[in-house]
Amino acid sequence: KLAGIKVWVATGDKLETAIAIGYSTNLIATESNLIVVRGGERDGLGVFDQMYNAVEEFFPEANILEEEMLDINEKHARRSIGENGSLASPHALRRVNTGVSSLVGTNNGDRPGGFVLVIEGNALTHAFADEESKRLLLRLAIMCEAVVCCRVSPLQKALIVKLVKEGIGAMTLAIGDGANDVSMIQAADVGVGISGEEGLQAVN
């Protein structure tokens with residue numbers, strides 16, 4: 001982290017466990033703010049809208065939604081049109097009940113320690129479904145100090161690496177210790193397999 005390497009964790013663990021691991025490894029600091037994106041509809045907000053609202057709420061000065069992404073603005077506007085034809089007012093992500101208020105804390109968004117994106121695997125499925133969502137996910141992730149992807153499949157681990165590798169042209173390093181990490185290791189520019197109790201699949 002001190003060297004400027006952006007750390008992404010891709011794990012099959014559930015949301016609460018992944019966040020706990022983030023804290024225990026100091027990937028998530030006590031003063032960090034969490035942006036949690038969950039799969040399915042949350043108070044009427046899909047995955048795209050959760051990411052859009054996170055950008056709008058937490059990174060308004062970055063002009064992510066204005067620069068290069070007018071199509072995303074239009075897409076969000078179309079999704080936000082109510083039954084009467086008027087624009088529905090978007091909800092800020094931290095004010096939406098996503099069922100994780102006990103994890104993010106009451107003062108989430110106002111802490112001095114930067115932001116960490118936490119996204120579930122089923123949310124990634126929706127984010128990878130179209131180019132607008134994929135580009136918005138990448139831009140949101142770049143603005144965060146770290147990214148934790150939980151409940152992800154082996155294929156999604158590889159897609160995450162490819163998203164960074166192709167999306168911003170970064171040199172990628174993937175480290176894993178199990179058979180479910182093999183596709184991720186192979187997708188990266190540099191792959192490291194750790195020989196451990198799970199066996200030698202990653203090493204082989």
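In what follows, residues are counted from 1 in the order of the sequence shown. Keep in mind that what you see is a predicted model, and the values were worked out from it rather than measured.
- Taking CD1 of Ile185 as the reference point, atom CD of Gln201 lies at 10.5 Å (rounded to 0.5 Å).
- Checked by atom type and distance alone, the side chain of Asp177 never pairs as donor or acceptor with a backbone atom of Gly196 at under 3.5 Å.
- The closest donor-acceptor contact from the side chain of Asn33 to the backbone of Phe115 lies at 3.5 Å or more, if one exists at all.
- Counting heavy atoms from C-beta outward, Phe59 and Cys144 have side chains that approach closer than 4.5 Å.
- Follow the hydrophobic side-chain contacts under 4.5 Å out from Leu200 and you never reach Val192; the two are in separate clusters.
- Not one N or O on the side chain of Lys134 forms a donor-acceptor pair closer than 3.5 Å with the backbone of Leu163.
- Between Arg38 and Glu120 there is a salt bridge, since a side-chain N of the basic residue sits under 4.0 Å from a carboxylate O of the acidic one.
- Residues Phe128 and Met184 fall into different hydrophobic clusters, defined by Ile, Leu, Val, Met, Phe, Trp and Tyr side chains chained together at heavy-atom separations under 4.5 Å.
- Looking only at side-chain heavy atoms (C-beta outward), Leu124 and Ile160 come within less than 4.5 Å of each other.
- Put simply, OG on Ser32 and CD on Glu145 are 6.0 Å apart, with the number rounded to the nearest 0.5 Å.
- A donor-acceptor contact shorter than 3.5 Å is absent between the side chain of Asn53 and the backbone of Gln50.
- Ile5 and Ile175 sit in two unconnected hydrophobic clusters of ILVMFWY residues. Membership requires side-chain heavy atoms under 4.5 Å apart, directly or through other members.
- The distance from the CD1 atom of Ile142 to the CD1 atom of Ile168 is 4.5 Å, given to the nearest 0.5 Å.
- For NZ of Lys162, the number of neighbouring non-hydrogen atoms (other residues, nucleotides, ligands) closer than 6.0 Å is 12 at most.
- The side-chain heavy atoms of Val116 and Val147, taken from C-beta on, include no pair separated by under 4.5 Å.
- Annotation for Ala123 and Val47: closest pair O-CG1, 3.5 Å, computed over non-hydrogen atoms.
- One finds the CG atom of Leu137 at 6.5 Å from the CG atom of Leu117 (value rounded to the nearest 0.5 Å).
- Taking CG of Asn122 as the start and SG of Cys150 as the end, the distance is 8.5 Å to the nearest 0.5 Å.
- The environment of Lys14 atom NZ is sparse: at most 12 non-hydrogen atoms of other residues, nucleotides or ligands sit within 6.0 angstrom.
- Arg151 and Asp13 are not joined by a salt bridge, as no carboxylate oxygen comes within less than 4.0 angstrom of a charged side-chain nitrogen.
- You'll find the side chain of Val164 reaches within 4.5 Å of the side chain of Trp8, heavy atoms only.
- The shortest distance between side-chain heavy atoms of Ile194 and Val203 does not fall below 4.5 Å.
- Remark: side-chain polar atoms of Gln156 are paired, donor with acceptor, to backbone N or O of Ser153 under 3.5 angstrom.
- The closest donor-acceptor contact from the side chain of Lys157 to the backbone of Ser183 lies at 3.5 Å or more, if one exists at all.
- Interatomic distance, CG of Leu159 versus CD of Glu166, reported as 9.5 Å (0.5 Å rounding).
- When every heavy atom of Met171 is checked against every heavy atom of Asp189, the shortest pair comes out as SD-CB, 3.3 Å.
- Side-chain atoms of Cys149 and Val152, non-hydrogen and from C-beta on, do get closer than 4.5 Å to each other.
- Side-chain atoms of Val55 and Arg139, non-hydrogen and from C-beta on, never get closer than 4.5 Å to each other.
- Looking only at atom types and distance, the side chain of Ser133 has a donor-acceptor partner in the side chain of Asp130 under 3.5 Å away.
- Shown are Leu27, Leu34, Ile21, Val7; of these, the side chain to side chain contact (heavy atoms under 4.5 Å, CB included) with Val148 is made only by Leu27.
- Taking hydrophobic clusters as Ile, Leu, Val, Met, Phe, Trp and Tyr residues chained together by side-chain heavy-atom distances below 4.5 Å, Leu155 does not share a cluster with Val161.
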